[in-house]
Amino acid sequence: MDPFSQLILTISVTSFLTFQWLFHKVSPWMSIRISPGFLGLSDKQKVEWNSRTVSTFHALLVGIFCLYILFFDDAVNEDPVWGDPTLVKTNVAITTGYLISDLLLIFYYWKAIGDKFFVVHHLAALYAYYYVLGQGMLPYFANFRLLAEFSTPCVNQRWFFEVLGYPKSSRPNMANGVAMAVVFFMVRIAVMPVYYSRMYAVYGTEAFYLVPWGGRVAWICSSICLDIMNVMWMHKIARGCYRVLRSARRSKAVTPQENGKSD
């Protein structure tokens, strides 16, 4: 094993251990001090709370790293299929450690956070990352996909507000809902033309045909399936956001009239 592969393996293992530590130690300690409502949660809710806290930390970490690579890694941007994958491999190794850690927690706490969809999602992602980490291919596209993690913190925050009993019409909840809709659209929907234009640009080239069939399936088919789901989720998020905002406007419009009648 070459030194760089050893480094990537070390990063993945370190990432796994770090996220386990964050789940079992850091999140409970921090949550009690930040949100007193944490103590009133059930055991199952505490498990999901800690899981989502770790998920948020991972999303912000790899998301920021993704932006750096997207804007400053010239080798990857100039050759999206076979460009120098050093930084992308490092970021993907962090995510790989997180996914394995999360899979372990999902199986161990199945009654609390077990979800077949997440198991399939994590295994599919690990399959795709094998080609990035093992063969160094498709670094641009792997990095671009990880930008979607920026929508995760808002999704988790919605659950935090819900479990703490915040009304859907409360200002924090509505602000987070709008932010979630905007960020989800920006990192999962608006970027589709850029992503697929780069894919079309390399399709049929010599670099493309050097990618094995398994890598092409993991790249093209998974991208299409994922984006179909993203469009469906965006539709649901937009509808939910619209309903909450419309309900809040109606409440503001009705309240002054009721106050006028009572006078």
Side-chain angles (χ1 to χ4, degrees), residues 58-60 62-96 98-99 117-118 120-155 179-239 241:
H58 163 261
L60 293 174
V62 301
I64 293 171
F65 206 171
C66 279
L67 285 179
Y68 176 83
I69 294 171
L70 188 64
F71 288 115
F72 300 108
D73 194 332
D74 295 333
V76 168
N77 290 315
E78 291 173 5
D79 184 356
V81 181
W82 294 103
D84 180 13
T86 302
L87 292 180
V88 175
K89 275 190 172 185
T90 302
N91 207 19
V92 169
I94 294 172
T95 296
T96 297
Y98 165 74
L99 291 176
F117 172 79
F118 279 110
V120 173
H121 171 273
H122 286 10
L123 291 177
L126 288 171
Y127 169 69
Y129 291 156
Y130 160 76
Y131 290 97
V132 181
L133 296 178
Q135 303 184 37
M137 61 182 63
L138 305 167
Y140 174 88
F141 299 100
N143 182 71
F144 208 100
R145 276 300 174 190
L146 280 175
L147 284 174
E149 288 296 329
F150 271 119
S151 65
T152 299
C154 290
V155 174
M180 180 176 67
V182 171
V183 174
F184 193 97
F185 176 79
M186 292 296 295
V187 301
R188 292 177 184 258
I189 306 299
V191 296
M192 285 185 190
V194 178
Y195 182 85
Y196 286 104
S197 65
R198 291 304 299 269
M199 182 185 290
Y200 179 77
V202 301
Y203 183 82
T205 63
E206 182 181 354
F208 173 83
Y209 286 115
L210 288 174
V211 177
W213 276 104
R216 295 181 211 173
V217 171
W219 171 31
I220 299 174
C221 294
S222 63
S223 294
I224 294 172
C225 292
L226 181 59
D227 283 329
I228 290 174
M229 289 189 290
N230 282 333
V231 171
M232 294 171 61
W233 287 332
M234 184 72 251
H235 178 67
K236 291 182 179 180
I237 290 172
R239 288 185 60 184
C241 185

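- Side chains of Leu226 and Ser222 form no contact here, defined as non-hydrogen atoms less than 4.5 Å apart.
- Residues Gly136 and Lys89 approach most closely at CA-CE, 3.8 Å, considering heavy atoms.
- Taking the ring pair (Phe, Tyr, Trp, His ring centres under 6.0 Å) definition, one finds that Phe141 meets it with Tyr195, Trp219, sequence neighbours left out.
- Pro80 and Pro139 get closest at one heavy-atom pair: O-CD, 3.4 Å.
- Pairs engaging residues 120-141 under the salt bridge (charged side-chain N to carboxylate O under 4.0 Å, His left out) rule: none recorded [sequence neighbours left out].
- Legend: side chain to side chain donor-acceptor pair (under 3.5 Å) pairs involving residues 196-207, not counting sequence neighbours, sorted by first then second residue: Tyr196-Asp227.
- Here the straight-line distance linking atom CG of Leu138 with atom CE of Met199 works out to 8.5 Å at 0.5 Å rounding.
- Qualifying side chain to side chain donor-acceptor pair (under 3.5 Å) partners for Thr90, counting only residues two or more places apart in sequence or in other chains: none.
- By the 4.5 Å heavy-atom criterion applied to side chains, Glu149 and Tyr98 are not counted as neighbours.
- Distance check, rounded to the nearest 0.5 Å: CE of Met232 to CG of Asn230 gives 10.5 Å.
- In this structure, the side chains of Phe65 and Ile69 come closer than 4.5 Å at one or more pairs of heavy atoms.
- Annotation: ring pair (Phe, Tyr, Trp, His ring centres under 6.0 Å) contacts of Phe184 (sequence neighbours excluded): none.
- Listed by chain and number, the residues in a side chain to side chain contact (heavy atoms under 4.5 Å, CB included) with Val183 are Phe150, Ser151, Val187 (sequence neighbours excluded).
- To the nearest 0.5 Å, the span separating CE on Met234 from SG on Cys241 amounts to 8.0 Å.
- Looking at every heavy atom in both residues, Gly63 comes nearest to Leu147 through O-CD2, 4.4 Å.
- The aromatic rings of Phe144 and Tyr140 lie tilted to each other, with the angle between the two planes from 30° to 60°.
- Put simply, the side chain of Leu87 does not reach to within 4.5 Å of the side chain of Val76, judged on heavy atoms.
- In the displayed structure, Met229 atom CE is contacted under 6.0 Å by more than 12 heavy atoms of other residues, nucleotides or ligands.
- Side-chain contact between Leu146 and Val92 is present, with at least one heavy-atom pair separated by less than 4.5 Å.
- Scanning all heavy atoms of the two residues, the minimum distance from Thr152 to Ala59 falls at CB-CB, 3.7 Å.
- The minimum heavy-atom distance linking Leu60 with Pro153 is given by the pair CD2-CG, 3.8 Å.
- Of the possible polar contacts, one joining the Tyr127 side chain to the Gly214 backbone as a donor-acceptor pair under 3.5 Å is found.
- Within a 6.0 Å sphere centred on NE2 of His121, other residues, nucleotides and ligands contribute 12 heavy atoms or fewer.
- Remark: Phe185 pairs with no residue by the ring pair (Phe, Tyr, Trp, His ring centres under 6.0 Å) rule, at least two apart or across chains.
- Residues satisfying the side chain to side chain contact (heavy atoms under 4.5 Å, CB included) criterion with Tyr130, sequence neighbours excluded, are Gln135.
- The CG atom of Leu67 lies 8.5 Å from the CG atom of Asn143; values are rounded to the nearest 0.5 Å.
- Pairing each heavy atom of Pro212 with each of Tyr131, the nearest pair is CG-CE2, 4.2 Å.
- Using a distance-only test at 3.5 Å, with no hydrogens or angles considered, a donor-acceptor pair links the side chain of His122 to the main chain of Phe118.
- A donor-acceptor pair under 3.5 Å links the side-chain atoms of Asn77 to the main chain of Leu70, judged by distance alone.
- One finds the CG atom of Asn91 at 9.5 Å from the OG1 atom of Thr96 (value rounded to the nearest 0.5 Å).
- Residues meeting the side chain to side chain contact (heavy atoms under 4.5 Å, CB included) test with Ala125, sequence neighbours left out: Leu99, Tyr129.
- Here Thr95 pairs with His58 under the side chain to side chain donor-acceptor pair (under 3.5 Å) rule; sequence neighbours left out.
- For Tyr209, the ring pair (Phe, Tyr, Trp, His ring centres under 6.0 Å) criterion is met by no residue, not counting sequence neighbours.
- Scored by the side chain to side chain contact (heavy atoms under 4.5 Å, CB included) test, Ala75 finds Asp73, Asp84 as partners (sequence neighbours excluded).
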